[in-house]
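Below is one structure, written out as structure tokens; comments come after it.
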Amino acid sequence: MSATAHQMDLRATDPNDRMSFARRLQAAFALALTDQGPSSDVPTPSDREVFASFDDDASEVLDIVAGDEVVGGAVIAGDDARRSLELFFIDAGAHGRGLGRAAWHAIEGRYPGTRIWETHTPHFEVRNIHFYVNVCGFHIVEFFHPGHPLEHPGETTTGEGDEDVPELMFRFEKLMPRAVRTAGSPGPPSA
């Protein structure tokens with residue numbers, strides 16, 4: 001299937017389909033873990049992390065649709081000042097077709113007033129790092145490691161096996177071009 005940006009649609013995920021969303025997300029992330037990252041019997045992200053993002057009232061859970069086929073998903077949180085791409089994936093069998101780029105453009109189009117976008121990805125996920133920096137225009141602004149840990153306000157470890165693994169993560173930001181202007185900066189010339 002050929003997908004272009006104008007064929008891409010974002011639709012609210014049916015609450016009854018959230019388990020399927022979670023499993024597809026974990027399958028897409030498992031490819032990176034198999035290729036590059038640590039091995040684990042615990043799905044990544046964990047069920048706890050996925051369902052916490054679903055239950056957050058500030059989050060929007062979206063299916064990414066190309067034509068009439070659901071090819072991925074995203075969880076978006078925040079407001080126009082700062083919006084966070086909490087989770088983003090293209091289904092494992094649909095990689096390499098430009099769907100991620102088209103989906104990102106659709107996400108930006110859905111939230112045109114966003115000033116700053118933010119997301120995170122593990123240090124070993126070279127494909128994601130390339131995508132966010134070279135395709136989407138994000139910048140790496142922070143690296144989390146044992147000496148500079150990623151804080152999870154209100155979270156405690158659950159014994160899922162993750163408490164002994166240091167979180168080595170990059171944080172990315174994308175300042176949207178219209179947000180670069182300050183109140184005193186000149187705009188386009190008037191006609």
Side-chain angles (χ1 to χ4, degrees), residues 1-5 7-56 59-77 83-111 117-138 140 144 150 152 160-162 165 167-172 174:
M1 171 182 73
S2 164
T4 60
Q7 293 176 304
M8 196 61 60
D9 191 20
L10 302 170
R11 298 181 192 154
T13 302
D14 183 318
N16 295 324
D17 293 336
R18 289 187 173 183
M19 182 59 78
S20 171
F21 181 106
R23 295 302 171 246
R24 290 179 19 252
L25 165 73
Q26 291 166 337
F29 278 46
L31 289 178
L33 293 173
T34 302
D35 292 345
Q36 308 270 343
S39 62
S40 172
D41 293 334
V42 177
T44 301
S46 71
D47 286 347
R48 176 180 46 89
E49 291 171 297
V50 174
F51 291 109
S53 70
F54 290 170
D55 295 337
D56 183 347
S59 294
E60 187 172 14
V61 183
L62 302 169
D63 286 333
I64 297 169
V65 183
D68 56 359
E69 178 186 1
V70 176
V71 297
V75 177
I76 313 291
R83 207 168 297 280
S84 179
L85 184 61
E86 297 290 317
L87 299 169
F88 181 58
F89 72 98
I90 298 299
D91 287 327
H95 290 179
R97 297 191 229 162
L99 297 173
R101 177 188 310 257
W104 174 248
H105 289 301
I107 290 169
E108 284 184 326
R110 186 177 181 99
Y111 306 99
W117 280 98
E118 176 182 79
T119 195
H120 297 78
T121 201
H123 74 289
F124 60 83
E125 220 337 338
V126 175
R127 181 183 58 211
N128 283 1
I129 295 167
H130 159 74
F131 176 75
Y132 290 126
V133 172
N134 299 322
V135 175
C136 299
F138 281 82
I140 297 170
F144 299 104
L150 175 61
H152 298 285
E160 285 188 53
D162 59 356
V165 179
E167 287 195 86
L168 302 175
M169 301 279 286
F170 288 105
R171 183 172 71 87
F172 301 84
K174 180 177 183 179

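None of the values given here were measured: they were computed from a predicted structure. Atom set for the values below is all heavy atoms of this structure, side chains included, hydrogens, waters and symmetry mates excluded.
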Using every non-hydrogen atom in the two residues, find where [X] and [Y] come nearest and quote the distance to one decimal.
X: R24; Y: V71; value: NH2-C, 4.4 Å
X: L99; Y: A66; value: CD2-CB, 4.1 Å
X: L87; Y: S53; value: CD1-OG, 3.4 Å
X: D47; Y: R23; value: OD1-NH1, 2.7 Å
X: A22; Y: V50; value: CB-CG1, 3.7 Å
X: A77; Y: R83; value: O-CG, 3.1 Å

Original post:
Which residue, T121, T119, I107, V75, forms the side-chain contact (heavy atoms from CB on, under 4.5 Å) with F88?
Top reply: I107
Original post:
Between the side chains of E125 and Y132, does any donor sit under 3.5 Å from an acceptor?
Top reply: no
**OP:** Taking the six-membered ring for Trp and the single ring otherwise, decide whether the centroids of F138 and F131 are under 6.0 Å apart.
**Re:** no
Subject >> E118/R171 ion pair, N-O < 4.0 Å >> reply: yes
Let me confirm one number: the [atom1]-[atom2] distance from [X] to [Y], rounded to the nearest 0.5 Å.
X: I64; Y: E69; atom1: CD1; atom2: CD; value: 12.0 Å
X: L62; Y: F21; atom1: CG; atom2: CZ; value: 7.5 Å
X: E49; Y: E86; atom1: CD; atom2: CD; value: 10.5 Å
X: F51; Y: D56; atom1: CZ; atom2: CG; value: 15.0 Å

Original post:
When you look at V65 and M8, which way does the side chain to side chain contact (heavy atoms under 4.5 Å, CB included) test go after all the steps?
Top reply: CA-CA 6 Å; V65 183; M8 196 61 60; over 6 Å; no
**OP:** Report the C-alpha separation of Q26 and F89 in whole Å, then their side-chain angles, then the decisive distance to 0.1 Å, and conclude whether the side chain to side chain contact (heavy atoms under 4.5 Å, CB included) test is met.
**Re:** CA-CA 9 Å; Q26 291 166 337; F89 72 98; over 6 Å; no
Original post:
Does the side chain of W117 come within less than 4.5 Å of F172's, by heavy atoms?
Top reply: no
Between [X] (side chain) and [Y] (backbone), is there a donor-acceptor pair under 3.5 Å?
X: H123; Y: L168; answer: yes
X: T13; Y: D63; answer: yes
X: K174; Y: C136; answer: yes

**OP:** Evaluate the criterion side chain to side chain contact (heavy atoms under 4.5 Å, CB included) for residue pair L85 and I76; output intermediate values, then yes/no.
**Re:** CA-CA 5 Å; L85 184 61; I76 313 291; 3.4 Å; yes
Subject >> R18, CZ: over 12 other non-hydrogen atoms inside 6.0 angstrom >> reply: yes
